[in-house]
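Heads up, the thing below is written out as C-alpha cells.
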Amino acid sequence: MSKKKAAVGHDRLKRGSFCGFGSLLLLAFALVFLLDSPTNWPSSYLSIEDRDNTWPEVDAPASARRKLAFLFIARNRMPVDTVWDLFFHEAAKEFFSIYIHSRPGFIYNKRTTACRYFYNRQISTSILVDWGEASMIEAEKLLLVEALKDPANDRFVLVSDSCIPLYNFTYIYNYLMTSPKSFVDSFFDAKESRYNPKMAPVIQRENWRKGSQWFALKRDHAAIVAADADVFRMFQRHCKRRPLPEFWRQQSMNGDPSKQHNCIPDEHYVQTLLAIKGLEDEVERRGITFSLWDQSGRIQERKGWHPVTFALSDANVDLIRGIKNITSINYEAEYRTEWCTSNGTAQPCFLFARKFTRHAAMKLLNLTLQAI
Ligand SMILES: *[C@@H]1O[C@H](CO)[C@@H](O)[C@H](O)[C@H]1NC(C)=O
Ligand SMILES: *[C@@H]1O[C@H](CO)[C@@H](O)[C@H](O)[C@H]1NC(C)=O
Ligand SMILES: *[C@@H]1O[C@H](CO)[C@@H](O)[C@H](O)[C@H]1NC(C)=O
Ligand SMILES: *[C@@H]1O[C@H](CO)[C@@H](O)[C@H](O)[C@H]1NC(C)=O
C-alpha cells in the first residue's frame with residue numbers, strides 16, 4: 001500500500017524539476033508517505049502548480065479585466081486556422097488573448113500556421129497527452145495556469161483544434177463577457193460503470209458530473225480549476241477511459257476490459273470539481289460548443305437537436321442554420337431543460353461547433369462569420 005503511494009510521489013518528482021540532493025529528499029518523502037494517508041498529503045509537491053504558479057495574487061479590478069482568453073487544445077498543425085485568422089482579424093488586440101497546448105516542442109509560426117494570431121502562442125509547459133488518461137485535463141489546467149498570469153483575462157474558453165466559431169468575434173465576446181456565470185455542460189452521471197467508489201471521500205457519488213469538456217469559465221472558477229490538486233489526483237489514479245474494443249487484446253494484462261470503469265477524465269473533471277466546491281449556482285449548466293459527432297451517442301442522456309451524426313457533405317447552410325437555431329438543451333436524465341440565456345436574455349445555445357476538417361470549415365466560412 002505505502003509502496004504504491006511512494007511510487008506515485010516519485011513519478012511526480014521525476015516529471016517536475018527534481019535535481020540535486022535527491023536521495024535525501026526521497027528518503028524524507030518516503031517517510032512522509034509511510035506515516036501519512038493520501039488525503040493528508042501536502043498538495044504542493046504533487047500538484048501541477050509547482051511547476052509555475054505565479055499568476056498574480058491580486059487581480060486587476062473587474063473593469064480592467066476585459067480580455068476573453070481562448071485556450072486551444074491542439075496536436076500540432078491546426079486544420080481550421082484560416083477561419084480563426086479571419087475571426088481574430090476583426091477583434092481589437094486588447095479584447096482577447098490566445099494560448100495553445102500542443103505537442104511539446106511544436107512552434108506556431110509563418111511556416112506552420114495560416115493564422116497570424118497563433119504565432120508563438122504555444123505554451124512552454126505543454127505535456128504529451130495520452131488518450132484516455134488524466135493528461136488531457138492536466139493540459140487544460142496548464143493552459144489555465146498560463147492564461148491566469150495575464151490579469152486582464154476575465155473569461156477562459158476552451159476550444160479544440162477542429163472547432164469553428166459560429167459567430168463573429170463581437171457577438172461571442174459580448175455573449176461570454178456579459179454573463180455573470182460560467183458555462184459548463186454538466187449533468188449528474190448516474191451510470192455506475194463510470195464512477196469508481198475508490199474516489200470517495202474526495203469525490204462523493206452525489207457530486208459526480210458528466211458533460212462535454214469544452215467550457216467557458218469566469219476568472220474565479222478558472223483559478224479554482226488551475227489550483228485544484230486533490231480532485232485531480234483522484235482522477236489521475238482512478239479515472240481512465242476504457243480502451244476501444246479494437247485495443248482490448250493489447251490490454252489483456254488488466255483483466256476483462258469490458259468490466260473496467262470507463263471513466264473518461266475530460267468529460268467529468270471540471271463539472272465534478274465545481275459541484276464539489278458548491279459552485280453550481282454560478283454556472284450555466286450547459287455547453288456552448290456543439291459536437292457533431294457525439295450527438296447520436298449521447299441521445300440517451302441529453303437531447304440537443306436531431307439524433308444524427310453528420311457527414312462532411314452535410315456541412316452546408318441548413319446545418320449551420322440548424323445549429324444556430326437551437327435555443328434549448330434537454331437533459332433527459334435530470335428531467336431538466338436548459339433554455340439558453342446569457343445574462344438573462346434568451347440566446348442561441350451554441351457559439352462554436354466541432355468537429356470540422358479544413359475543407360468543411362472553408363466551405364462554411366461565409367456562413368458562420370456573417371449573420372445568417
Ligand atoms: C445584464 O443584464 C442586465 C439587465 O438586463 C443589464 O442591466 C446589465 O447591464 C447586463 N450586464 C452586462 C454586463 O451587460
Ligand atoms: C428554428 O426553430 C424553430 C422552432 O424550433 C422552427 O420553427 C424553425 O423552422 C427553425 N428554423 C430554422 C431555420 O431551422
Ligand atoms: C465568401 O465571401 C467572400 C468575400 O466576402 C467571397 O469573395 C467568396 O466568394 C465567398 N465564398 C463563397 C463560397 O460564398
Ligand atoms: C456580428 O454578428 C452579429 C450576430 O450574428 C451581427 O448582428 C453583427 O452585425 C455582426 N457584426 C459584424 C461587424 O459583422
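When a residue number appears, it is its place in the shown sequence, counting from 1.
When all heavy atoms are compared, the tightest approach of M177 to D154 is CE-CB, 3.8 Å. Closest heavy-atom contact between Y195 and I203: OH-O, 2.6 Å. Taking both residues in full, the closest heavy atoms of R358 and M78 are given as NH2-O, 3.6 Å, listed atom of the first, atom of the second, then distance. Of all heavy-atom pairs between D130 and S135, the closest is N-OG, 2.8 Å. Between V225 and K141 the shortest heavy-atom distance is O-NZ, 2.8 Å. Looking at every heavy atom in both residues, P348 comes nearest to K324 through CB-O, 3.3 Å.
Figure legend: cation-pi geometry between K110 and Y119 absent, as NZ or CZ is not positioned both under 6.0 Å from the six-membered ring centre and within 45° of its axis.
The same ILVMFWY cluster, assembled from side-chain heavy atoms under 4.5 Å apart, contains both V317 and F350. Follow the hydrophobic side-chain contacts under 4.5 Å out from W84 and you reach I320 in the same cluster.
The residues E146 and R121 are annotated as not salt-bridged, no charged nitrogen and carboxylate oxygen being separated by less than 4.0 angstrom.
One distance of note links CD1 of I123 with CG of L144; it measures 9.5 Å at 0.5 Å rounding. Rounding to the nearest 0.5 Å gives a distance of 8.0 Å between NZ of K218 and CG of L279. With values rounded to the nearest 0.5 angstrom, L351 atom CG is found 15.0 Å from W214 atom CH2. A distance of 12.5 Å separates SG in C263 from CE in M234, rounded to the nearest 0.5 Å. To the nearest 0.5 Å, the span separating OG on S342 from CG on N174 amounts to 9.0 Å. Rounding to the nearest 0.5 Å places CD of E280 at 11.0 Å from CD of E282.
Looking at S212 and E267, their side chains never bring a donor and an acceptor atom within 3.5 Å of each other. In this model, no donor atom of one side chain and acceptor atom of the other lie less than 3.5 Å apart for N262 and S193. With no hydrogens or angles considered, a side-chain donor-acceptor pair links R354 and S160 at under 3.5 Å. A donor-acceptor pair shorter than 3.5 Å can be found between the side chains of S182 and H221.
Using a distance-only test at 3.5 Å, with no hydrogens or angles considered, no donor-acceptor pair links the side chain of R155 to the main chain of A69. The backbone N or O of M136 lies less than 3.5 Å from no partner atom in the side chain of D266, so there is not a single donor-acceptor pair. T272 places a side-chain N or O within 3.5 Å of a backbone atom of H268 that can act as its donor or acceptor partner. Although no hydrogens or angles enter the test, the distance criterion places no donor-acceptor pair under 3.5 Å between the side chain of R286 and the main chain of C340. Between the side chain of D189 and the backbone N or O of K210, no donor-acceptor pair lies under 3.5 Å.
Between V129 and H101 the shortest side-chain heavy-atom distance falls below 4.5 Å. Within the 4.5 Å cutoff, the side chain of V157 has heavy atoms near those of the L68 side chain. A heavy-atom distance below 4.5 Å is not found between the side chains of F87 and N168. Taking the side chain as every heavy atom from C-beta outward, T289 and Q213 never approach each other to under 4.5 Å. Between F72 and D161, the closest side-chain pair of non-hydrogen atoms is not below 4.5 Å. Residues T112 and N76 have side chains not in contact (no heavy-atom distance under 4.5 Å, counting atoms from C-beta outward). Residues L217 and L274 have side chains in contact (heavy-atom distance under 4.5 Å, counting atoms from C-beta outward). Annotation: side chain of I288 is in contact with side chain of F352 (closest heavy-atom distance under 4.5 Å).
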Let me see the working for R205 and E192 under side chain to side chain contact (heavy atoms under 4.5 Å, CB included), right down to the final yes or no. CA-CA 10 Å; R205 189 83 185 80; E192 288 301 330; 3.3 Å; yes

Run Y175 and N343 through side chain to side chain donor-acceptor pair (under 3.5 Å) and show every step you take. CA-CA 8 Å; Y175 189 114; N343 190 25; over 6 Å; no

Might you work through the side chain to side chain donor-acceptor pair (under 3.5 Å) test for D81 and T113, ending with a clear yes or no? CA-CA 7 Å; D81 50 7; T113 181; 3.0 Å; yes

Take R209 and V270 through the test side chain to side chain contact (heavy atoms under 4.5 Å, CB included) and record every step on the way to the result. CA-CA 9 Å; R209 299 286 182 275; V270 172; over 6 Å; no

Steps toward side chain to side chain contact (heavy atoms under 4.5 Å, CB included) verdict (I326, F290): CA-CA 10 Å; I326 299 169; F290 183 87; 3.7 Å; yes

Check the pair E332, N330 against side chain to side chain donor-acceptor pair (under 3.5 Å), reporting the backbone distance first and the verdict last. CA-CA 6 Å; E332 279 195 340; N330 182 18; 4.6 Å; no

What do the steps show when you test L143 against I100 for side chain to side chain contact (heavy atoms under 4.5 Å, CB included), and what is the final call? CA-CA 7 Å; L143 279 166; I100 310 173; 5.6 Å; no

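Within 6.0 Å of CZ in R75 there are 12 or fewer heavy atoms belonging to other residues, nucleotides or ligands.
Taking the six-membered ring for Trp and the full ring otherwise, F156 and Y99 have centroids separated by 6.0 Å or more. For F188 and Y331, the gap between ring centers reaches or exceeds 6.0 Å. With ring centers used as reference points, Y108 lies under 6.0 Å from F106. Aromatic ring centres of F96 and F88: separated by under 6.0 Å. Ring-centre distance between F235 and W208: below the 6.0 Å cut-off.
In terms of the side chain to side chain donor-acceptor pair (under 3.5 Å) criterion, residue partners of Q347 (sequence neighbours excluded) are, by chain and number, Y171.
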